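Below is one structure, written out as structure tokens; comments come after it.
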Amino acid sequence: MNREHSDTIRPIRFHQGELQLLDQRRLPGENLWQRYRDAPAVAAAIRDMVVRGAPAIGITAGFGVVLACQRAIGQDDWRASIAADIETLRAARPTAVNLFWALDRMQALVDASPSAEAAVAATQVEAEWMLESDIAGNRRLGALGARLIEPGQGVLTHCNTGSLATGGYGTALGVIRAAWDAGRIEEVFADETRPWLQGSRLTAWELVHDGIPVQVLCEGAAASLLRSGRVGWVIVGADRIAANGDTANKIGTYGLALLARAHGVRFMVAAPVATIDFEMPDGTGIPIEQRGEDEVLALAGQRVAAEGARGYNPAFDVTPAELIDAIVTERGVVEAPTAERLAALREPTAPETLASAH
Ligand code: MRU
């Protein structure tokens with residue numbers, strides 16, 4: 001079996017003052033690139049799921065600020081123009097903290113710039129750094145996470161955490177790529193991930209594209225799969241990790257963590273340090289995005305639920321830290337996460353393994 005990976009998918013491009021996004025609503029049927037020249041359109045793209053996944057949202061918003069700076073050139077109150085665009089980007093989606101992380105960094109660069117032209121230059125360097133360092137960080141956390149996986153079993157993942165959800169390579173899917181390449185994984189299972197089908201449309205597309213066999217399951221099949229003994233680790237990403245390790249991620253993640261604990265399967269969260277919100281003491285304060293009822297009541301624009309039924313559509317849930325065996329970041333692995341152990345990741349020189357070795 002071919003265990004070489006090809007890591008060719010890059011969903012975010014910036015070229016000659018234009019942001020280009022691979023439209024994730026159209027995959028896997030169509031490779032359609034959307035083009036953007038102003039920040040409000042980028043905010044709409046984030047809200048409408050052209051681009052999604054916490055790190056990809058942050059990077060995209062970063063380039064959105066470059067566009068805001070370009071648009072402000074020649075305006076009397078160029079700072080106010082950029083500030084208004086940043087506020088519009090900030091309102092695009094509430095849960096992924098990477099959005100606010102990126103915008104805060106961009107705002108600081110704008111504040112330090114003497115002119116809109118200078119702000120364009122500074123923010124473009126920063127956005128390009130965010131994109132490249134995200135990919136490099138994902139390769140590193142992928143390698144660290146892969147080392148935790150004892151060969152001989154399968155893994156189960158949820159939503160899409162791959163190249164499409166990041167600058168490239170992926171977080172949880174980066175761990176899976178690295179572990180597959182190292183021969184540590186027997187089989188990969190991907191939850192379909194209702195209602196947006198990030199698992200069956202996006203994760204399956206990426207894995208097939210990169211030559212890694214994948215089996216897609218309905219979320220309802222996860223309990224019996226975990227009971228079967230075929231899965232050693234559930235591996236997921238994160239939209240926001242509170243300071244104590246409580247983790248907000250795609251709706252259904254909490255249920256998977258409970259199932260994993262009930263069946264003696266280990267549970268890994270893979271995310272860059274930018275996804276940790278050190279100002280949020282625990283998961284109870286994380287804002288959970290509620291999306292439109294139609295996403296649940298209809299499929300591909302066609303209503304499937306009985307007329308008159310209402311929809312309940314939280315996009316994320318929070319998994320308590322005590323259900324998480326390891327949080328894997330580019331700066332190191334934190335096993336059995338606590339606030340104290342996670343705090344060590346704030347130091348750039350944090351050692352590779354912060355909790356006691358297993
Ligand atoms: O609603 P989405 O598709 O943006 O949700 C994405 C997730 O929940 C991912 O697991 C998370 O953002 C991590 S992506 C590396």
Side-chain angles (χ1 to χ4, degrees), residues 9 11-12 21-25 27 43 45-61 92-102 130-131 134-135 137-139 141-142 145 156-177 190-206 219 234-241 247-257 267-277 283 286-292 295-296 313-319 324 327-330:
I9 302 163
I12 303 168
L21 299 174
L22 180 58
D23 192 335
Q24 301 190 28
R25 302 166 305 180
L27 290 169
I46 294 171
R47 188 192 62 229
D48 296 343
M49 310 281 277
V50 172
V51 62
R52 29 66 50 206
I57 289 170
I59 295 162
T60 299
R93 292 190 75 186
T95 305
V97 76
N98 308 59
L99 174 64
F100 311 105
W101 173 86
M130 282 179 187
L131 177 60
D134 184 64
I135 298 168
N138 290 339
R139 289 187 174 282
L141 73 83
L156 169 62
T157 191
H158 189 65
C159 197
N160 172 265
T161 62
S163 297
L164 293 168
T166 61
Y169 197 70
T171 57
L173 215 58
V175 172
I176 291 172
R177 276 184 221 277
D191 270 350
E192 136 185 270
T193 319
R194 280 279 291 151
W196 269 86
L197 306 180
Q198 290 95 330
S200 60
R201 292 190 303 108
L202 307 178
T203 299
W205 178 74
E206 280 198 35
E219 273 91 313
V234 174
I235 309 176
V236 299
D239 280 80
R240 192 185 298 225
I241 301 173
T247 294
N249 190 50
K250 179 52 54 193
I251 190 73
T253 301
Y254 174 38
L256 281 182
F267 192 88
M268 183 192 303
V269 172
V273 173
T275 303
I276 304 175
D277 184 351
I286 298 177
I288 300 295
E289 179 181 13
Q290 302 287 330
R291 293 188 64 92
E295 292 182 357
V296 171
N313 190 19
F316 302 98
D317 57 25
V318 175
T319 298
I324 299 169
I327 293 179
V328 176
T329 77
E330 77 280 20

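In this text, all values refer to a predicted model and were calculated from it rather than measured experimentally. When a residue number appears, it is its place in the shown sequence, counting from 1. Just so you know, ligand 1 is whichever comes first in the structure, and atom 1 is the first atom listed for that ligand.
Closest to atom 5 (O) of ligand 1 among all protein heavy atoms lies K250 CE, 3.3 Å. When only non-hydrogen protein atoms are considered, atom 13 (C) of ligand 1 lies nearest to A238 O, 3.4 Å. Closest protein heavy atom to atom 8 (O) of ligand 1: D239 OD1, 2.8 Å.
L21 is listed as a side-chain neighbour of T60, based on a closest heavy-atom distance under 4.5 Å. Between D277 and F100, every side-chain heavy-atom pair lies at or beyond the 4.5 Å cut-off. Here the side chains of L141 and V328 are in contact, with some heavy-atom distance below 4.5 Å. Side-chain atoms of I235 and I176, non-hydrogen and from C-beta on, do get closer than 4.5 Å to each other. At least one side-chain heavy atom of T171 sits under 4.5 Å from a side-chain heavy atom of P272.
Considering R52, Q24, M49 in turn, M49 is the only one that fulfils the side-chain contact (heavy atoms from CB on, under 4.5 Å) rule with W196.
The shortest separation from a heavy atom of A96 to ligand 1 is not under 4.0 Å, leaving the residue out of contact. For A315, the heavy-atom gap to ligand 1 stays at 4.0 angstrom or more. Look at E289 and you'll find every heavy atom at least 4.0 Å from all atoms of ligand 1. Ligand 1 lies out of reach of W196, whose nearest heavy atom is not under 4.0 Å from it. Heavy atoms of H158 stay at 4.0 angstrom or farther from ligand 1.
Counting heavy atoms under 4.0 Å from ligand 1, residue A54 touches it through both backbone and side chain.
The shortest N or O to N or O distance between P55 and ligand 1 is not below 3.5 Å.
The backbone N or O of R194 sits less than 3.5 Å from a side-chain atom of E219, completing a donor-acceptor pair. Listed for the T193 side chain is no donor-acceptor partner under 3.5 Å among the backbone atoms of S200.
Close contacts between ligand 1 and T171 involve ligand atoms 15 (C) [criterion: under 4.0 Å to a heavy atom]. When each atom of ligand 1 is checked for a heavy atom of Q198 under 4.0 Å away, the hits are 1 (O), 2 (P), 3 (O). The atoms of ligand 1 that sit less than 4.0 Å from any heavy atom of M49 are 1 (O), 3 (O). Against a heavy-atom cut-off of under 4.0 Å, T166 is close to the following atoms of ligand 1: 15 (C). Residue-ligand proximity, R93 to ligand 1, at heavy-atom distances under 4.0 Å covers atoms 1 (O), 2 (P), 4 (O). Against a heavy-atom cut-off of under 4.0 Å, A165 is close to the following atoms of ligand 1: 14 (S), 15 (C). Proximity to N249 (heavy-atom distance under 4.0 Å) selects the following atoms of ligand 1: 7 (C), 8 (O), 9 (C), 10 (O), 11 (C).
Atom CZ of F267 has more than 12 heavy atoms from other residues, nucleotides or ligands within 6.0 Å.
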